Amino acid sequence: MTISLENTFLKVSFDEHGGELTSLFNKKNKLEYLWQADPKYWGRHAPVLFPIVGRLKNDEYSYEQHKYRMTQHGFARDTDFEIETKTDKFVIFRLESNEETMQNYPFEFVLRIKYELMSDTLKVSYLVDNPSKNQLLFSVGGHPAFNVPLSSTETFSDYHVAVTPNKIYQQIQLQGNYSDSSHPLDFTAGAIDVTRETFKNDAVILRLEEKSTELTLTTAQGKNGIRFNTGNAQYVGVWSKYPEEAPFVCIEPWWGLADDVSASGELTEKVGVHVLKTNESFNGFYKIQVF
């Protein structure tokens, strides 16, 4: 089922399946900014990553002497959410633990995704509650993909992602599907070039330490594009496919990472894992502004 919100600037749409953003349409310039999930390249729009980000070693983890299976990015993106609240300005999707989720993820949880229209900006919030007497371990993240190019007169490589503030960031390297968080590089370029070679080793990942950072996806002329505020995200990944000529770029705010190359497999030792005690809550957010 498709759900929409609309104001003077934007019309945005969502699907209950995955609680996923499916359209980000600018009513002023008549442009669709969100990738429309062409399965030829990648059949998703903006999946929600929960309760893990990235891949686990051998797609498994251990918790309290039991082993569990979980595939890349977790199960939320392939699960139906319910609509908890809808107004003219925002909608909240809700997913909570059940017998099926507990089979491979032995935690009680309530995950809410709030999408809120704010003029020419969409604010996305991930709200995680622990209703249990036991602790809750999780990671969460976003994976929105944006159309690149936005115009038929432009090419993929006309674009870049400017990073503000322009300072030294730690860039997390990847070894195959896994993070190498112990050996970061210094990222000092100020912008990420949008070329196929940029994504030869998968995503460009920057450690943000929950400090608000703006990534602007546009051309040198800067006529149209995306201003992406990472809110309180710990990391951000910029990704497109390689070597396929896929016409999209993802900007991905993460509160967590793929398993480290040195990961023990114990969930309690996982890099970037979040722990909530009884009745504790988590609130992660980011904003997408179109121009």
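These figures come from a predicted structure and were not determined experimentally.
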Check: Does T230 use its side chain to pair, donor to acceptor, with the backbone of T213 at less than 3.5 Å?
Finding: yes
Next item on the list: Please check if Y63 and F75 belong to a single hydrophobic cluster, counting links between Ile, Leu, Val, Met, Phe, Trp and Tyr side chain heavy atoms closer than 4.5 Å.
Entry: yes
Notebook entry, point to check: Any side-chain heavy atom of P51 within less than 4.5 Å of one from V140?
Noted result: no
Checklist line | Set of residues satisfying salt bridge (Lys or Arg N to Asp or Glu O under 4.0 Å) with respect to D129, sequence neighbours excluded | finding: R112
Checklist line | Residue pair F93 / D15: nearest heavy atoms and the distance that separates them | finding: CE2-O, 4.2 Å
Next item on the list: Decide if the gap between the ring center of Y68 and the ring center of Y105 is smaller than 6.0 angstrom.
Entry: no
Check: Under 4.5 Å between any side-chain heavy atoms of Y159 and P149, yes or no?
Finding: yes
Check: With distance as the sole criterion, is a donor-acceptor pair present between the side chains of D80 and H17 under 3.5 Å?
Finding: yes
Next item on the list: Check step by step if ring pair (Phe, Tyr, Trp, His ring centres under 6.0 Å) holds for F109 and F50.
Entry: CA-CA 11 Å; F109 69 87; F50 178 89; 5.1 Å; yes
Next item on the list: May I have the step-by-step check of ring pair (Phe, Tyr, Trp, His ring centres under 6.0 Å) for F228 and Y286, ending in yes or no?
Entry: CA-CA 8 Å; F228 194 106; Y286 63 94; 5.1 Å; yes
Note to self: Same cluster or not: I192 versus I226, using hydrophobic residues (I, L, V, M, F, W, Y) connected whenever any side-chain heavy atoms lie under 4.5 Å apart?
What the structure shows: yes
Next item on the list: Output yes when a side-chain donor or acceptor of D193 lies under 3.5 Å from a complementary backbone atom of T195, and no otherwise.
Entry: no
Item checked: For the student: nearest non-hydrogen atoms of S132 and E108, plus distance -> CB-CB, 3.8 Å
Notebook entry, point to check: Do you know the tightest heavy-atom contact between T268 and V273?
Noted result: O-CG1, 4.3 Å
Notebook entry, point to check: Any side-chain heavy-atom pair from Y242 and N201 closer than 4.5 angstrom?
Noted result: no
Next item on the list: Could you please spell out the steps behind the side chain to side chain donor-acceptor pair (under 3.5 Å) verdict for H274 and Q234?
Entry: CA-CA 11 Å; H274 290 260; Q234 292 174 291; 2.8 Å; yes
Margin query: Let's go through F146 and V249 carefully: what are the C-alpha distance in whole Å and the side-chain angles of both, what is the deciding distance for side-chain contact (heavy atoms from CB on, under 4.5 Å) to 0.1 Å, and is it a yes or a no?
Written below: CA-CA 5 Å; F146 303 104; V249 170; 5.6 Å; no
Margin query: Show, in sequence, the C-alpha distance, side-chain angles and deciding distance for V290 and F9, and conclude whether the side-chain contact (heavy atoms from CB on, under 4.5 Å) test is met.
Written below: CA-CA 9 Å; V290 303; F9 299 93; over 6 Å; no
Margin query: Between D259 and R55, does any side-chain N to carboxylate O distance fall below 4.0 Å?
Written below: no
Check: So, for P144 and L34, which heavy atoms are closest and what is the spacing to 0.1 Å?
Finding: CB-CD1, 4.5 Å
Margin query: List the residues meeting salt bridge (Lys or Arg N to Asp or Glu O under 4.0 Å) with R227, not counting sequence neighbours, and say none if there are none.
Written below: none
Next item on the list: List the steps and the verdict of side-chain contact (heavy atoms from CB on, under 4.5 Å) for K270 and L56.
Entry: CA-CA 9 Å; K270 180 175 172 57; L56 300 168; 4.0 Å; yes
Margin query: Tell me whether K287 forms a cation-pi arrangement with F285, defined as NZ or CZ under 6.0 Å from the six-membered ring centre and within 45 degrees of its axis.
Written below: no
Next item on the list: May I ask whether V12 and I83 are part of the same hydrophobic cluster, defined by side-chain heavy atoms of I, L, V, M, F, W, Y residues being less than 4.5 angstrom apart, directly or through others?
Entry: yes
Note to self: How close do E32 and N147 get, counting heavy atoms only, and between which atoms?
What the structure shows: O-ND2, 2.9 Å
Item checked: Side chain to side chain, S139 and L257, heavy atoms closer than 4.5 Å -> no
Notebook entry, point to check: Which heavy atom of S181 sits nearest a heavy atom of D260, and at what distance?
Noted result: OG-OD1, 2.6 Å
Check: Hydrophobic clusters join Ile, Leu, Val, Met, Phe, Trp and Tyr when side-chain heavy atoms are under 4.5 Å apart, directly or via other members; which others share one with W239?
Finding: W35, Y41, W42, F248
Margin query: Do S119 and N7 pair up side chain to side chain, a donor and an acceptor below 3.5 Å, judged on atom types alone?
Written below: no
Note to self: Is there a side-chain contact between L215 and V236 in this structure, where contact means two heavy atoms from C-beta onward sitting under 4.5 Å apart?
What the structure shows: yes
Item checked: Within one Ile-Leu-Val-Met-Phe-Trp-Tyr cluster: Y126 and L49, side-chain cutoff 4.5 Å -> no
Check: Is E20 paired with R77 through a side-chain N to carboxylate O contact shorter than 4.0 Å?
Finding: no
Margin query: Any non-hydrogen side-chain atom of K200 less than 4.5 Å from a side-chain atom of E197?
Written below: yes
Notebook entry, point to check: Above 12 or not: heavy atoms from other molecules or residues under 6.0 Å from NZ of K57?
Noted result: yes
Checklist line | Neighbour count above 12 (heavy atom, 6.0 Å) for K277 NZ | finding: no
Margin query: Can you confirm whether T164 sits close enough to T216 that some side-chain heavy atom of one is under 4.5 Å from a side-chain heavy atom of the other?
Written below: no
Item checked: Test item: side-chain donor near acceptor, Q173 and D180, under 3.5 Å -> no
Item checked: Whether N232 side chain and N283 backbone form a donor-acceptor pair below 3.5 Å -> yes
Check: Quick one: do E244 and K40 make a salt bridge, cutoff under 4.0 Å?
Finding: no
Note to self: So if I apply the side chain to side chain donor-acceptor pair (under 3.5 Å) rule between D120 and each of Q289, K27, K28, which one comes out positive?
What the structure shows: Q289
Margin query: If hydrophobic clusters are built from ILVMFWY residues whose side chains come within less than 4.5 Å, do F282 and V124 share one?
Written below: yes
Checklist line | Any S281 side-chain heavy atom under 4.5 Å of L127 side chain | finding: no
Next item on the list: Let me know which of V53, L276, N130, L267 forms a side chain to side chain contact (heavy atoms under 4.5 Å, CB included) with F138.
Entry: L276
